[in-house]
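Residues: numbered from 1 along the sequence shown. Just so you know, ligand 1 is whichever comes first in the structure, and atom 1 is the first atom listed for that ligand. Everything numeric here is computed off the predicted structure, so don't read it as measured data.
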Amino acid sequence: MGKILMTTPLVEMDGDEMTRILWKDIKELLILPYVELKTEYYDLGLKHRDETDDKVTADAAYACKKYGVGVKCATITPNAQRVEEYGLKKMWKSPNGTIRAILDGTVFRSPITVDGITPVIPAWTKPITIARHAYGDVYRDVECYAEKGDKAELVISRNGEDKKRIEVFDYSDGGGVVLGMHNTDESIKSFAKSCFNYALDVKKDLWFATKDTISKTYDHRFKDIFAKIFEDDYVEKFERAGIEYFYTLIDDAVARVVRSNGGMIWACKNYDGDVMSDMVATAFGSLAMMTSVLVSPDGVYEFEAAHGTVTRHYYRYLKGEDTSTNSVATIFAWTGALRKRGEIDDNLSLVGFADRLERAVIRTIENGYMTKDLAAMFKKEGVTVKVQNSRGFLEKIAETLKTV
Ligand code: NAP
Ligand code: MG
């Protein structure tokens, strides 16, 4: 049987440490034997980012814009310790931050569910996807301490002249803290569009929640922008797809999600998304089973695993010790990208291959072959767990792939 051909390349962004090792093995064992892989390759490994003064990261993001689909390996975000470890010219910014700034996207994170790993909330039989608005609010705030006797005011000015001046708090009785935060219509609109488009794409209900009853201008703006875009452009498309847009208050949303069977996309403001994505990931089992896709408002898709470069395992690998690192989320980043490439290009064989590879991964685990992190969580009648090392797990998947 010949290999599956690709008409258009996808953007491949290599990364760092343990995930860079998995990346090479995934391609060698699971993809290259079946697909005549066409990628435009960018090495986002920290060494190469440093050599190119981080230009390679921006180049990769622009390539994603050009081709519409990318797949990214986890990368190191340098801190002071990394600057020393790699002898860096500079403490380069987070590659994900740079890419997101260029593509202006929303990140959707979903757990990969497997029979035998029961979520902490057993009613969650379907994955819950969190969409986090990754701009503004408390992440771009200004804040300070005000002393007793001070007064904090919110001032809107134009050309140095006050247009509005609102008292925030009078600290006559004692000092305290104050913060100012912002968001923009533009950013909220593109968040809303990404969410509506993604919901249509994967045919899942979209939920959104804020605290608009308390925050009557700020949060209410989010609610209104979502409602307007939905009314103008999506009502019929959602009807045709048989999905719903549902808005409620954030505390009501939390209560309903906990009581639900899952299966929805939950759009969250920045802080809610930060908190809820960790809760959902933990409840579904493991960060190593969480995929992540950045979707831009104009329909560019960039897939990756939600976890990092798994540094602790990499240091063991460098010492020649055995590792048992879970490659599932990285494999699903590849299948996500290959499927999307196939959908855009009308390449049914490629879409079919992505489905097959995902089935092979899930079946391998359900047959008891898994990495160490999953072993403690896995319980299935009549199946004994056989813990694999990093490479061994991929070899088992490769065997299963021949049979699905
Ligand atoms: P991490 O790489 O996600 O790993 C944290 C711990 O979680 C690991 O030590 C391991 O626990 C467990 N873990 C995560 N993924 C796993 C997998 N696939 N298989 C098995 N266990 C897994 O986070 P980190 O150690 O905080 O960050 C390491 C580096 O990654 C940092 O340089 C950071 O900048 C970068 N990072 C990149 C991204 C990204 O590119 N999207 C995201 C986050 C972090 P045990 O050691 O207990 O086994
Ligand atoms: Mg968080």
Exercise. Does M18 come within less than 4.0 angstrom of ligand 1, counting non-hydrogen atoms of the residue?
Worked result: no
Exercise. Can R391 and T325 be counted as having a side-chain donor-acceptor contact under 3.5 angstrom?
Worked result: no
Exercise. Does T75, backbone or side chain, put an N or O under 3.5 Å from an N or O of ligand 1?
Worked result: yes
Problem set entry | Under 3.5 Å donor-acceptor, D16 side chain and I76 backbone | yes
Exercise. Are any of the heavy atoms in E17 under 4.0 Å away from ligand 1?
Worked result: no
Seminar exercise, completed: Looking only at protein heavy atoms, what sits closest to atom 19 (N) of ligand 1 is N326 N, 2.9 Å
Exercise. Among L44, T371, T309, which residue places a heavy atom closest to atom 30 (O) of ligand 1?
Worked result: T309
For this session: Specify whether Y245 and F230 have parallel, tilted or perpendicular ring planes, treating 30° as the upper limit for parallel and 60° as the lower limit for perpendicular.
Result: tilted
For this session: Could you tell me whether H133 and F222 have their ring centroids closer than 6.0 angstrom?
Result: yes
Problem set entry | Any N/O pair S327/ligand 1 closer than 3.5 Å | no
Problem set entry | Option set H313, R312, M13, E85, criterion heavy-atom distance to atom 48 (O) of ligand 1, minimum | H313
Exercise. Does K65 have any salt bridge (charged side-chain N to carboxylate O under 4.0 Å, His left out) partners at least two apart in sequence or in another chain, and if so, which?
Worked result: none
Exercise. Does an N or O from T325, backbone or side chain, lie closer than 3.5 Å to an N or O of ligand 1?
Worked result: no
Exercise. Below 3.5 angstrom, do we get any N/O pair linking C73 and ligand 1?
Worked result: no
Exercise. Looking at V71, L294, V300, which hits side-chain contact (heavy atoms from CB on, under 4.5 Å) with C64?
Worked result: V300
For this session: Would you kindly check if the NZ (Lys) or CZ (Arg) of K386 is within the cone defined by 45 degrees around the ring axis of Y369 and under 6.0 Å from the six-membered ring centre?
Result: yes
Exercise. Can a cation-pi geometry be assigned to R356 and Y34, taking NZ or CZ under 6.0 Å from the six-membered ring centre and within 45° of the ring axis?
Worked result: yes
Exercise. If you count the atoms of ligand 1 from 1 in the order shown, which ones are under 4.0 Å from a heavy atom of A288?
Worked result: 16 (C), 17 (C), 18 (N), 19 (N)
For this session: Check each of G308, S292, P95 against atom 42 (C) of ligand 1 and report the one with the nearest heavy atom.
Result: G308
Exercise. Do any N/O atoms on R316 end up under 3.5 angstrom from N/O atoms on ligand 1?
Worked result: no
Exercise. Does ligand 1 have an atom under 4.0 Å from some heavy atom of K372?
Worked result: no
